Asker: 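Below you'll find the structure I mean.
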Amino acid sequence: MLVSRAENNKKSDRVPAKLYAAKMKPYWNQLLKQGLITQRKFENLTMDVDQNIKYRSLGFVKRQLVETRQVIKLTANILGSMYQEAGTDIIETRAGLTKQLREEFDLPKVREVNDYHHAVDAYLTTFAGQYLNRRYPKLRSFFVYGEYMKFKRGSDLKLRNFNFFHELMEGDKSQGKVVDQQTGELITTRDEVAKSFDRLLNMKYMLVSKEVHDRSDQLYGATIVTAKESGKLTSPIEIKKNRPVDLYGAYTNGTSAFMTIIKFTGNKPKYKVIGVPTTSAVGLKRVGKPGSESYNQELHRIIKSNPKVKKDFEIVVPHVSYSQLIVDGDCKFTLASDTYQHPATQLVLSKESMEIIADGFKFVKENPATADEQLVRVFDEIVNQMNHYFTIFDQRSNRQKVTKARDKFVSLPTESEYEGAKKTQVGKTEVITNLLMGLHANAAQGDLKVLGLSTFGFFQSSGGLNLSEDAMIVYQSPTGLFERRICLKDI
C-alpha cells in the first residue's frame, strides 16, 4: 500500500490502526472483500499491538526461539518423519541462544585453532533445546517441531526482550537456581551448568571425522605449459588428441579418481600410494565389478603403466578415497592425493590462550601493556604442542625451524605495521595466525617467511607417498563413534 513520505514520517513507530482505523477501516474492509488486499495486510492495518498481544507475541517468540534457515527446517522435517511417531521431540533453537551461552559462561570460539568448536556448538544447542523444553513447557509449540500453540483471547505474554536464560545469569534474583514452576523441582543450577561447560571446553580429544570421496570432475590439472616447457616434464599430456606437446604445449598432470596402495615385492616390503587416473576410471568400471578378476587385472595394468612404478608389485588396498585417514607410527594424516598429505591432529590450547586469540586478538587491542608478553606465551604453548604431537611437521624440518625462530618472534612488533597500504613489518599476531593455519587439520598453509620458513603446513612427496608396513588405514563411521583399523602388514 502506497503512502506519502510525509505521512509515513508522521506515523513514526505508531501502527496504522491508531492513526487511521476509525476513518479508514470500512474502506479497508471493502478492499479485502474485493480481493485487492490480503487477509494478512488487513490484519496488519487493523492490529493494535497494545490490545492484541496474541499477534505481537506469536511472531516475536518464533523469531526469538526458532531457527528459520531452510536447512534447519529441512533437517527437522526429515527427523520428524523418522522419529516423531515413536514419541521423540524434534527441538529447533536459534544460533543466538548458543551465542548467549558462550558469552555468559566465557566460552571462547576460535575457529582457527581446531575443529572442536563444532562439537561445542552442538552441545550448547542440545543444552539450550532441553533447557527450554523443560523450563518453559507452556511454550513448547514454539520450539518443538510439529506442535502449534492456541492462544487464549487476551492472553498477556510479556516476551519482548525476554531472556530465556535469565536464571542462569550471574546476579539474577533466582541466585543461580532453575526450578520447575509447576512441581517446584530443582532443574539445575548455574554452578552445575558452568562446570559441565568447562569440562567440555577442557577436553583434549574429541571425535572428528571427514567425508571421504572419489573424484569424477576434471580429467587434467588446470596448469598448461608452453611447448618449450613441456620438454622438461616427465610425462607431458596432450592438450587435445593429435596436438603434439612440442608444438602446442601440454598439461602438467592428470587427476586421479581415487588411489590404491601397493606393495613392492622383495626382501624388504615397501608400500606406496598410487593414483588411478580419472581417464582410466570409467574404463575400469566397464570391465567388471570391484574385486572381480577382470577388474583386478585391469587395475594392475593401469598401475603398472604409472612411471613411478618400476618394480614388481602387488595391490594391497585396491580402492582408497580422498580424505582417507591414515595413522603411520606417530603421524596422523588424511590423503589429499597420492603425493599430498593433510595433518589430521587437532591442536588443543589452554582457555587463557584461546581468549587471547579470540575475536581477532581483541585482548591484544584492549590490553596493549601486556600484549607482547601474552603473545609470546601463546607462541610458546603452540610450539610446545607442535613438538609433542605433530610428528608430520618433521617434514622439511618444520618443527625444528619454528622452535629455533623463537628469538625472531620475540623481536617482532605486536601487530603488523603498514605505510599506507604497504606492509612494512609482520607482527606477532599475524605470525600466530599463520602458525594456526598451518597446524590446522585441513589444506591451509601458513606464511612464516619472517621466521625463515617458505611454507608451513605443506606436505608433498613428489615421487609418491610411501607408507611403512605398520601404517593403519582407519575407516570411520560418519559420527566417528565406530571405526575399523587395518594394518598394512596384516593384509
Side-chain angles (χ1 to χ4, degrees), residues 64 67 69 93-128 161 163-165 168-171 190 193-204 206 208 346-386 409-410 412-418 421 423 425-442 444-448 450 456-457:
Q64 179 77 355
E67 180 57 72
R69 289 182 302 173
T93 60
R94 288 187 66 85
L97 295 175
T98 61
K99 182 181 179 182
Q100 183 184 353
L101 289 172
R102 277 188 176 274
E103 291 174 351
E104 177 61 28
F105 290 93
D106 193 20
L107 306 173
K109 183 174 184 176
V110 189
R111 295 178 176 86
E112 295 84 359
V113 172
N114 54 40
D115 297 316
Y116 290 172
H117 62 91
H118 295 298
V120 175
D121 280 343
Y123 183 91
L124 294 178
T125 300
T126 302
F127 171 84
N161 299 321
N163 182 357
F164 291 94
F165 296 129
L168 296 176
M169 302 295 105
E170 197 167 17
R190 175 185 168 86
V193 172
K195 286 178 182 178
S196 68
F197 288 169
D198 283 341
R199 186 167 60 250
L200 172 69
L201 202 66
N202 290 325
M203 284 186 175
K204 306 298 182 187
M206 296 185 189
V208 177
Q346 298 286 335
L347 176 65
V348 178
L349 298 179
S350 64
K351 185 177 180 180
E352 292 74 20
S353 292
M354 297 278 278
E355 288 173 340
I356 291 169
I357 300 168
D359 300 321
F361 294 93
K362 183 179 178 181
F363 174 91
V364 171
K365 297 176 176 63
E366 295 178 348
N367 301 272
T370 60
D372 266 10
E373 178 186 346
Q374 295 298 331
L375 289 173
V376 171
R377 186 186 62 76
V378 172
F379 177 84
D380 288 340
E381 184 178 349
I382 293 172
V383 172
N384 182 60
Q385 290 290 91
M386 178 186 68
F409 177 82
V410 173
L412 297 174
T414 303
E415 297 188 271
S416 298
E417 298 175 348
Y418 293 83
K423 185 190 298 180
Q425 180 63 61
V426 175
K428 289 185 177 72
T429 55
E430 185 174 341
V431 169
I432 288 177
T433 299
N434 280 287
L435 263 176
L436 296 176
M437 286 177 61
L439 290 168
H440 206 112
N442 57 24
Q445 301 168 30
D447 181 357
L448 294 180
V450 70
F456 184 69

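Just so it is clear, the structure is predicted and the values come from calculations on it, not from any experiment.
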Asker: Under a 4.5 Å cut-off applied to non-hydrogen side-chain atoms, are L412 and E430 in contact?
Answerer: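 Answer no - side chains too far apart.
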Asker: Looking at N434 and D447, would you say the former's side chain and the latter's main chain have a donor-acceptor pair under 3.5 Å?
Answerer: yes
Asker: Any sub-3.5 Å donor-acceptor pair from K428's side-chain atoms to A371's backbone N or O?
Answerer: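 No, because the side chain of K428 does not come within donor-acceptor range (under 3.5 Å) of the backbone of A371.
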Asker: Has E104 got a side-chain atom pairing as donor or acceptor with E170's backbone, closer than 3.5 angstrom?
Answerer: yes
Asker: Validate the cation-pi geometry between R102 and F197: distance from NZ or CZ to the six-membered ring centre under 6.0 Å, angle to the ring axis within 45°.
Answerer: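 Checked: cation-pi criterion not met.
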Asker: Specify the closest pair of heavy atoms between P108 and L201, including all atoms of both residues, with the distance to one decimal.
Answerer: CD-CD2, 3.9 Å
Asker: How close do F456 and M386 get, heavy atom to heavy atom, and via which atoms?
Answerer: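 Heavy-atom minimum between the residues: CZ-SD, 3.9 Å.
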Asker: Give a yes or no answer on whether the side chain of Y123 reaches the backbone of L200 with a donor-acceptor pair at less than 3.5 Å.
Answerer: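 No; judged by distance alone, with no hydrogens or angles, the pair does not exist.
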Asker: F379 vs F409 aromatic rings, parallel, tilted or perpendicular, using cut-offs 30° and 60°?
Answerer: parallel
Asker: Any salt bridge linking E373 with R377? Criterion: basic side-chain nitrogen under 4.0 Å from a carboxylate oxygen.
Answerer: no
Asker: Please report the closest heavy-atom contact between M206 and V120, naming both atoms and the distance.
Answerer: CE-CG2, 4.3 Å
Asker: Where the side chain of K109 meets the backbone of K99, is there a donor-acceptor pair that is under 3.5 Å apart?
Answerer: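 Side chain of K109 to backbone of K99: no pair is present.
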Asker: A side-chain contact here means heavy atoms from C-beta on lying under 4.5 Å apart; do L101 and L107 qualify?
Answerer: no
Asker: Could you pull out the closest heavy-atom pair between V348 and Q385, with the gap in Å?
Answerer: O-NE2, 2.7 Å
Asker: Quick one: closest heavy-atom pair of P413 and E417, and the distance?
Answerer: CB-OE2, 3.4 Å
Asker: Where is the tightest heavy-atom contact between Q346 and N114, given as atom of each residue plus distance?
Answerer: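 So the minimum-distance heavy-atom pair works out to OE1-CB, 3.2 Å.
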